[in-house]
There are 4 protein chains.
Amino acid sequence: MSNKRRRRLLHPDARRRELLDAAVAVFARKGYRRASISDIIAAADAARGTFYLYFKSKEDVFLAILDDFQARLSAMLGEEAAVAATRAGDGRALLRDDILRWLRFFERHRDATTILLKEATSIDPQFEPALAALRRIALDHLARRFRSMQARGLMRASLSPELMSHLQLGMFDQLLSALVLRPGWKVKLDVLADQLADFAWSGARSAAGE
Amino acid sequence: MSNKRRRRLLHPDARRRELLDAAVAVFARKGYRRASISDIIAAADAARGTFYLYFKSKEDVFLAILDDFQARLSAMLGEEAAVAATRAGDGRALLRDDILRWLRFFERHRDATTILLKEATSIDPQFEPALAALRRIALDHLARRFRSMQARGLMRASLSPELMSHLQLGMFDQLLSALVLRPGWKVKLDVLADQLADFAWSGARSAAGE
Amino acid sequence: MSNKRRRRLLHPDARRRELLDAAVAVFARKGYRRASISDIIAAADAARGTFYLYFKSKEDVFLAILDDFQARLSAMLGEEAAVAATRAGDGRALLRDDILRWLRFFERHRDATTILLKEATSIDPQFEPALAALRRIALDHLARRFRSMQARGLMRASLSPELMSHLQLGMFDQLLSALVLRPGWKVKLDVLADQLADFAWSGARSAAGE
Amino acid sequence: MSNKRRRRLLHPDARRRELLDAAVAVFARKGYRRASISDIIAAADAARGTFYLYFKSKEDVFLAILDDFQARLSAMLGEEAAVAATRAGDGRALLRDDILRWLRFFERHRDATTILLKEATSIDPQFEPALAALRRIALDHLARRFRSMQARGLMRASLSPELMSHLQLGMFDQLLSALVLRPGWKVKLDVLADQLADFAWSGARSAAGE
DNA sequence: GATGAATGAGAGTTCATTCAT
DNA sequence: TATGAATGAACTCTCATTCAT
């Protein structure tokens with residue numbers, strides 16, 4: 001008769017992680033506004049009050065997700081920079097490898113990426129700063145990389161690195177939401193990376209670089 | 001004490017337009033779920049009941065907006081096809097003109113475009129069909145154009161038209177949401193079109209086409 | 001394209017009749033509260049404002065229906081009294097004839113009767129007086145008849161005429177709502193009248209049971 | 001200024017009962033459609049949200065009330081059958097006892113009975129099944145009892161048990177709504193039962209009238 | 001720390017009634 | 001007289017948040 005939840009004592013960090021993961025899954029499926037606290041606590045098998053022990057509000061848990069993601073993204077980008085330093089050689093191959101690494105990263109964090117794409121255009125102004133910061137990180141990275149390739153004479157100087165970073169980010173977004181993150185969709189990421197690298201390389205390289 | 005609204009008698013078509021325009025503005029600013037009927041009727045200076053005289057529900061206005069937009073978009077694409085038929089000549093210049101025409105179209109329908117970008121990732125499953133249809137129109141158009149350029153030997157055959165259409169749409173989305181639609185932003189659309197055409201042309205043209 | 005109603009000029013009495021009849025049909029089908037003015041004017045093919053030209057309010061049209069019905073009922077009862085005066089003879093046969101006349105009357109005014117049965121228990125206190133008056137007419141008539149049969153030695157003096165009138169009315173109500181007014185139901189009214197008269201006259205015990 | 005309700009913490013079962021009882025009282029007084037959730041929560045001294053913690057919708061409480069009543073009614077009928085089995089003897093006295101038991105039952109559940117009588121003619125089609133089921137229980141019981149008395153030679157075989165059950169139910173309804181349930185009305189239930197039993201058993205004709 | 005019953009502001013929707021034409 | 005667009009109070013229902021246990 002009693003299907004009451006038993007009191008579940010957990011290490012605070014573990015409990016927080018459970019709630020955060022549940023929130024990621026729920027927001028990915030329903031979007032921020034359609035998702036309810038009830039959805040999250042049901043997914044986390046926690047009591048209502050417990051949620052508010054770990055997060056100040058619905059907004060707060062969303063921001064925590066963004067933080068989490070930003071940390072992982074930064075880590076990945078740091079790694080990439082380290083790799084890049086060790087390798088010289090064919091610009092196009094380097095580009096392809098980078099693209100593939102990114103695609104794999106986003107595929108690995110499918111739900112968080114879905115949330116980002118869903119809410120990227122900032123449905124709530126309160127999230128604008130956090131989302132802008134994330135976008136900034138990606139754009140800065142892309143622009144920096146483009147500039148460094150320009151410096152090495154690989155890319156045309158006539159192209160604006162800022163604009164190019166936007167174009168690249170746009171292509172990524174679209175690829176992700178249309179192909180990679182579609183539930184039940186299995187794309188060959190390396191084929192995607194090939195074609196995207198082919199297009200982006202030919203599109204931007206300088207004549208001298210040929 | 002009495003700040004009752006004066007009865008504003010309007011022709012049904014005019015009143016419907018007012019409400020639809022108000023809804024577009026409100027949805028663009030707040031997104032579908034955060035926007036309330038109260039917001040819309042306040043913006044349209046209409047009574048609550050009046051809204052429901054013209055639209056069955058909140059969902060209904062939203063779909064009406066999509067319909068409206070789809071009609072305009074189709075009209076624009078039809079026009080473009082007509083223009084393309086009359087003009088031959090430099091592929092890159094043609095591309096640039098098309099891009100510019102699209103950018104101008106979206107800038108002219110700034111709010112509706114904002115809504116589309118905001119809700120494109122379909123926060124509500126009920127809108128999926130209508131949004132998918134719109135996306136389809138754009139993707140089909142882009143793919144068709146790419147294929148016709150491939151047929152004329154202008155674009156590399158190794159590139160998938162479907163994928164290319166996604167990439168182009170992605171670049172557009174990003175440009176629009178990051179630059180064109182930012183409130184208070186004044187970009188030179190022709191500069192944007194130049195760079196985008198430059199990148200897209202070099203990126204995809206066949207060697208033979210040089 | 002225009003499915004606008006043409007201005008229909010009618011004699012006021014005819015227009016009022018149209019609206020009243022429409023209201024009877026609508027109230028019978030939906031009940032007073034579920035029925036809307038929209039339903040009524042749609043059924044009467046009249047404009048919204050026209051309704052309020054002839055009736056002060058929704059309540060008003062309902063009371064008008066009761067008035068109408070009361071007039072017809074009184075007429076029928078007067079007739080019955082006249083008939084009764086001319087005929088002497090077998091009490092049971094008289095009873096049967098009366099019952100049959102009543103059943104036919106209610107069947108003829110099927111919709112109005114349905115309304116009465118539906119709303120009889122007075123969902124809105126504002127209708128209590130009018131409904132009570134109608135009930136009174138029926139109960140008084142039944143009690144008066146019972147008393148006159150008692151006076152003629154036909155009925156037991158130990159039975160309260162008031163109570164008997166209630167019992168008879170109750171049997172009528174039930175028969176009407178369960179059998180006679182069921183849509184698509186075709187009962188032989190004379191069979192019903194036979195059994196009801198048999199029961200009411202002779203009682204239910206078998207001769208053997210005496 | 002702050003007339004905010006104090007938080008009243010209750011055991012769920014107790015709270016549900018409070019709400020259900022309040023709903024019964026409100027529906028009895030106003031009828032299903034006129035009654036509002038505001039009425040119910042005011043009567044139960046609960047917050048709006050609390051109501052929806054225990055019932056899915058307005059329709060849901062109503063059905064819960066019917067369920068509740070049906071359970072009690074079935075219990076009472078079961079009891080009656082048990083009693084009947086133990087007692088033999090005078091048919092008329094048995095009938096009288098049964099009638100009195102029913103009258104007392106309905107008087108004890110005055111509000112629920114009122115609701116049933118008010119909504120019996122099914123103002124909302126959604127309730128038709130539940131109401132029909134209740135009516136069925138009563139009619140079946142009455143018909144079964146009549147048949148068993150016919151089998152014992154107590155009742156005339158020429159009378160249709162189905163019809164008789166309707167007549168008996170009709171008399172009950174009328175008695176209940178006109179006499180027993182009238183607020184502030186105190187009737188002697190045993191006198192009522194006497195007369196009804198007398199009528200139903202022996203019929204209305206006087207011995208002299210034979 | 002954990003629980004879940006309780007809260008009420010605010011959402012979308014309906015509809016009797018009014019009134020300018 | 002007839003019309004139908006306009007109105008807003010009142011309705012049912014949702015859900016982020018609180019707090020007594």
Side-chain angles (χ1 to χ4, degrees), chain A residues 4-12 15 33-41 46-60, chain B residues 4-12 14-16 33-41 46-60, chain C residues 4-12 15 33-41 46-60, chain D residues 4-12 14-16 33-41 46-60:
Chain A
K4 230 175 159 173
R5 187 199 339 290
R6 295 293 298 271
R7 192 183 185 92
R8 291 199 308 131
L9 270 162
L10 241 64
H11 189 279
R15 180 51 70 101
R33 292 205 53 99
R34 242 161 53 86
S36 70
I37 302 293
S38 295
D39 294 327
I40 296 174
I41 59 174
R48 194 162 292 271
T50 307
F51 175 88
Y52 285 91
L53 241 36
Y54 291 92
F55 302 99
K56 284 211 319 286
S57 63
K58 189 183 177 186
E59 177 184 346
D60 188 46
Chain B
K4 241 171 128 166
R5 188 200 331 291
R6 289 288 296 276
R7 188 173 278 237
R8 291 201 306 124
L9 205 51
L10 249 63
H11 188 281
R15 177 64 74 155
R16 194 188 137 94
R33 288 194 68 90
R34 236 163 56 85
S36 70
I37 303 293
S38 294
D39 293 329
I40 296 175
I41 59 175
R48 195 161 286 273
T50 306
F51 174 88
Y52 286 93
L53 236 39
Y54 292 92
F55 301 101
K56 284 211 315 287
S57 62
K58 190 183 175 186
E59 179 183 346
D60 190 45
Chain C
K4 229 178 163 172
R5 187 200 338 293
R6 295 292 296 271
R7 193 185 185 92
R8 292 200 306 132
L9 269 161
L10 240 66
H11 189 279
R15 180 51 73 103
R33 293 208 50 102
R34 243 162 51 86
S36 70
I37 303 293
S38 294
D39 293 328
I40 296 174
I41 59 174
R48 195 162 289 272
T50 306
F51 175 88
Y52 285 91
L53 243 35
Y54 291 92
F55 302 100
K56 283 212 319 286
S57 63
K58 190 184 176 186
E59 179 185 343
D60 188 45
Chain D
K4 240 167 122 165
R5 188 199 332 289
R6 289 289 296 276
R7 189 173 278 237
R8 291 199 309 124
L9 205 51
L10 249 63
H11 189 281
R15 178 64 72 152
R16 193 188 135 94
R33 289 193 68 90
R34 237 162 55 86
S36 70
I37 303 293
S38 295
D39 293 330
I40 296 175
I41 59 176
R48 196 161 289 275
T50 306
F51 175 87
Y52 287 94
L53 235 40
Y54 293 92
F55 302 100
K56 284 211 315 287
S57 62
K58 189 183 175 186
E59 177 182 347
D60 190 44

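These values consider heavy atoms only, across backbone and side chains, with no hydrogens, waters or symmetry-generated copies. A, B, ... follow the sequence lines: proteins, then strands. Residue 1 opens every chain.
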Round to a whole Å and report the spacing from [atom1] of [X] to [atom2] of [N].
{"X": "B/Arg8", "N": "F/dG8", "atom1": "CZ", "atom2": "P", "answer": "12 Å"}
{"X": "C/Ile40", "N": "E/dT17", "atom1": "CD1", "atom2": "P", "answer": "10 Å"}
{"X": "A/Glu59", "N": "F/dC15", "atom1": "CD", "atom2": "P", "answer": "18 Å"}
{"X": "A/Ile41", "N": "F/dT17", "atom1": "CD1", "atom2": "P", "answer": "13 Å"}
{"X": "B/Ile37", "N": "E/dT14", "atom1": "CD1", "atom2": "P", "answer": "11 Å"}
{"X": "A/Arg33", "N": "F/dA16", "atom1": "CZ", "atom2": "P", "answer": "9 Å"}
{"X": "A/His11", "N": "E/dA2", "atom1": "NE2", "atom2": "C1'", "answer": "16 Å"}
{"X": "D/Arg15", "N": "E/dT7", "atom1": "CZ", "atom2": "C1'", "answer": "10 Å"}

What residues form a side-chain hydrogen bond (donor to acceptor under 3.5 Å, both in side chains) with [X], not counting sequence neighbours?
{"X": "C/Ser38", "result": "C/Arg48"}
{"X": "D/Arg8", "result": "D/Glu18, D/Asp45"}
{"X": "A/Ser36", "result": "A/Asp39"}

Note: contacts of residues 48-58 of chain D with DNA chain E (heavy atom, under 4.0 Å) are D/Arg48, D/Gly49, D/Thr50, D/Leu53, D/Tyr54
Judged by nearest nucleotide, the residue sitting upstream toward the 5' end of DNA chain F, B/Arg7 or D/Ser38, is B/Arg7
Applying ring pair (Phe, Tyr, Trp, His ring centres under 6.0 Å) to B/Phe51 and not counting sequence neighbours gives B/Phe55
Hits for side-chain contact (heavy atoms from CB on, under 4.5 Å) against D/Tyr52, two or more places apart or cross-chain, chain-then-number order -> D/Ile37
Parsed dot-bracket for DNA chain E after applying the Watson-Crick and G-U rules with both distances under 3.5 Å and | for other-strand partners is .||||||||||||||||||||
From the candidates F/dA2, F/dA6, F/dA20, the one with an atom nearest any side-chain atom of B/Leu9 is F/dA6
Assert: residue with more 5' nearest nucleotide on DNA chain E, out of D/Pro12 and C/Ala35, is D/Pro12
| request: May I ask you to say what D/Ala14 touches in the nucleic acid, namely base, sugar-phosphate or nothing, with a heavy-atom cut-off under 4.0 Å? | output: nothing
